[in-house]
Amino acid sequence: MNIKIKDLYASINGQPILKGVDLELNSGKVHALMGPNGSGKSTLSNVIIGHPSFQVTGGEVLVDGENILEMEPHERARLGLFLAFQYPVEVPGVTVGRFLKRAVDIRAGEGNTKGFVKKLREMMDYMEIDQQFINRYLNEGFSGGEKKRMEILQMLMLKPDFAILDETDSGLDIDALQVVAKGVNRLREGDFGALVITHYQRILNHIRPDYVHIMYQGRIVTSGGNELVDALEANGYDWIRKQYGIEEDSDVKPVTSG
Amino acid sequence: MSSTETAVFSGTQQIERYIESLREPDWMLAIRRRALAAFNKMEWPTTEDEEWRRSDISSYDFDSYSFDKPGDSAAEVLSADGEQRAGVARFSDGSCSEISLDENLARQGVVFGSLSALLDGRSGNSSHEHAAALTAVRRLLEKRTADFENRLFAWHYATWNHGVVLYVPRWVEIKAPFEIQFATSADEALSAPQIVVVMEQGARATLLHSAHGADEGEVVLNEAIDIDVADAAYFDLFTHYDLNIDCTTFSNGRADVAKDAAFHSFVSSFGSMFTKLRFDAELNGTGGDIDLDGLYFGNQDQHMDLRTVQSHNAYNANSRTFYKGAVKDEAHVIYQGLIRVARNASQTDAYLTNNTLLLNNGARADSIPGLNINTDDVKCSHGSTTGKINPLQLFYLQSRGFAYDAARIMLVQGFLEQVLVRAPEPVQDWLRELVEQRILAQYDSDEE
Ligand SMILES: Nc1ncnc2c1ncn2[C@@H]1O[C@H](COP(=O)(O)OP(=O)(O)OP(=O)(O)O)[C@@H](O)[C@H]1O
Ligand SMILES: [Mg+2]
């Protein structure tokens, strides 16, 4: 799968967030996306999947040459896109088992889900999620770490071609982080691609990215390899700003969380 | 089933004549006559009465409904799980079409059957148990009719025309549920069923009850359910209302719960154009426990008014009410819930929750929880929410491949599932199916 994001503009409640994003992503590769709080990383993820709160005001997102911005979110999912949310929502009354069964039915086509329960149990073991979660309501009352693992479990069951992991590493202890990385690396053996959004080098030591992209004030300001991560770790985002001559954006308030 | 169409109108004279024709014990006839006297003195509830503020019945001409009017068909529901029943009582249009009771239970003194048969001795059983059941039924019904809270109550006790009694002797524990079905198919008919349940000390039982009917025919159902749960007994009641869209459903349930006893009711409301359900549960002994659950799903232009009262008259008892439902099309649902705590009922733990999901713009819901607390040292709370489908949940499911409609269905099911899992096991899957059908049902408001 090839994803081309071209000069993408998006706003929320009339406030511009994405201001000309250009980015090309490919399955078979792992891309890292870093950038300060509020720079638009989650907005970009949500716009790619079709979140109704954001308005696209310019540009396009092409998946294998086809513009997906007019598609319903479920149509994008059926193309093989997946988003592991930064803040997964709770869905009371819908059990993990029932939800995943239906979702896998949709993805694989009904009748092609033989061995679903066995597969689910196997993946839960792999993700070190207690089997009792099958009967829990989706994300309801889950800890932060449990929610993140549940996102990766869904990814393993749905086997997307390309997944965006929005800060799946945040709030995880080192053991949980390794489990999550293990989940991603398992799919990586195939023709799977991912965009790993993170603030920390730590997860990138477990999921080695092929490319690194830096987002700043709603744009991708530079792309490169792992050396970018090291430079960022050493010098912080001020360095990016100076390096690329970015003016402090006066109409964007500094924000601490997305 | 009688083949002659004897239309007995429910005006006063007709009711009098009906009462004279009955072969019931004097005490029952006395109840009916007192009820009729009260009926004559009272006016129908109006929107001036707080409880009826949102449910206007002024346009009804109740005298025009006849009772004891035979119909010809009766849908069968509730047996879907194919599981064993402790006993089954089926009525269609007021006549009994099936009565059965597990022989072992009969030997243990359990009484389950037609209330009329018990009262007029037709059952041919003059055993000790029947005498005990009769005494208990009399005590309970006389207590219930000491006064009549409104004209519908009075009307019911004067006119009730079929019914079921369940009597479980001391310490008899029954696992399999009993089942009662009241089916209607007549037109312009009054159906006034009466259920009486007496659970003696330490007894345990479950009852599944459904009032439903043919797809056509206008029926006014005016039901009463009277329950007495003695010390340390447990009673689980499931009631389901699903008459067709031309019908009217009134049901008044009352349960007295004694020391260390527990009572659970689950009300499921789907049918009728106009519904007014009420359930009052009273905790009269220390350590008593009440759970009142409800699931409702209004559609088309239905009007449903559901009321619960959890009354604490004793020290250290618990009660919980959990009513949850969805409303679509142009339906209007009203939920009224009251927690009442008497002066001597300290250490009460009571709460009530009501959540309604509005599926479209024309749908309406009013939630009116109330507290009437007359002592300190209690833990009481209530909460209610009325809202639409959460767009973030919707997007989350869509992002996993669910189309818009499928995602909505799953969210509505999920919303109702939280109360549905509290229904007795044997009816859960069947209820899930009804929920799904109701979600999918199309409504054409211009339809004649
Ligand atoms: N639902 C929303 N309503 C209003 N503003 C929003 C909303 N979502 C995002 N924003 C704003 O858009 C900007 C970009 O937010 P976004 O979440 O995309 O940043 P981010 O790069 O993911 O940040 P973080 O690293 O903190 O997750 C911020 O200024 C944020 O406040
Ligand atoms: Mg973010």
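Since this is a predicted model, take the numbers as computed values, not measurements. Atom set for the values below is all heavy atoms of this structure, side chains included, hydrogens, waters and symmetry mates excluded. Throughout, protein chains are lettered first and strands after them, A, B, ... in sequence-line order, and every chain is numbered starting at 1.
Taking the side chain as every heavy atom from C-beta outward, P177(B) and P426(B) approach each other to under 4.5 Å.
At a threshold of 4.0 Å, the pair E417(B)-R432(B) counts as salt-bridged, since one of the basic side-chain nitrogens sits closer than that to a carboxylate oxygen. Salt-bridge annotation for D280(B) and R278(B): present, with a side-chain N of the basic residue lying under 4.0 Å from a carboxylate O of the acidic one. With respect to the salt-bridge test (charged N to carboxylate O, under 4.0 angstrom), the residues E128(A) and K182(A) qualify. For K4(A) and E60(A), the salt-bridge test fails: no basic side-chain N is under 4.0 Å from an acidic carboxylate O. Under 4.0 Å is where a charged nitrogen must lie from a carboxylate oxygen, and between K101(A) and D105(A) at least one such pair does.
A cation-pi arrangement is present between R186(A) and Y126(A), with the terminal nitrogen or guanidinium carbon under 6.0 Å from the aromatic centre and inside a 45° cone about the axis.
Of the atoms belonging to V419(B), not a single heavy atom falls under 4.5 Å from chain A. When heavy atoms are compared at a cutoff of 4.5 Å, R78(A) approaches chain B solely by way of its side chain, counted from C-beta outward. Interface remark: L158(A) contributes side-chain atoms only to the contact with chain B (heavy atom separation under 4.5 Å). Within the 4.5 angstrom heavy-atom criterion, no atom of A407(B) approaches chain A. For L138(A), the part sitting under 4.5 Å from any heavy atom of chain B is the side chain, from C-beta outward, and nothing else.
Partners of Q55(A) under the side chain to side chain contact (heavy atoms under 4.5 Å, CB included) rule, at least two apart in sequence or in another chain, are S11(A).
Each of R76(A), R102(A), E72(A), Q154(A) has some count of heavy-atom pairs under 4.5 Å with chain B, and the biggest count is that of Q154(A). Contacts with chain B were tallied for L81(A), V94(A), V91(A), N46(A); V94(A) has the most, counting heavy-atom pairs under 4.5 Å. Comparing P160(A), P88(A), G50(A), P52(A) by heavy-atom pairs within less than 4.5 Å of chain B, the highest count is held by G50(A). In terms of non-hydrogen atom pairs under 4.5 Å with chain B, the most contact-rich of R107(A), H74(A), E90(A), R98(A) is H74(A).
Defined by atom type and a distance below 3.5 Å, a donor-acceptor pair is missing between the side-chain atoms of R54(B) and Q336(B). Residues S268(B) and H240(B) bring a donor and an acceptor atom of their side chains to less than 3.5 Å of each other. Donor-acceptor pairing under 3.5 Å is lacking for the side chains of S27(A) and D161(A). In summary, the side chains of H213(A) and H31(A) do present a donor paired with an acceptor at a separation below 3.5 Å, with no hydrogens or angles considered.
Without hydrogens or angle criteria, K41(A) side chain to G35(A) main chain gives a donor-acceptor distance under 3.5 Å.
Scanning residues 393-402 of chain B against chain A with a 4.5 Å non-hydrogen threshold yields Q393(B), F395(B), Y396(B), L397(B), Q398(B), S399(B), R400(B), G401(B), F402(B), sorted by number. Within residues 317-332 of chain B, no residue has any heavy atom less than 4.5 Å from a heavy atom of chain A.
Pairs of residues two or more places apart, or lying in two chains, that qualify as ring pair (Phe, Tyr, Trp, His ring centres under 6.0 Å) and include a residue from residues 136-160 of chain A are F133(A)-F142(A).
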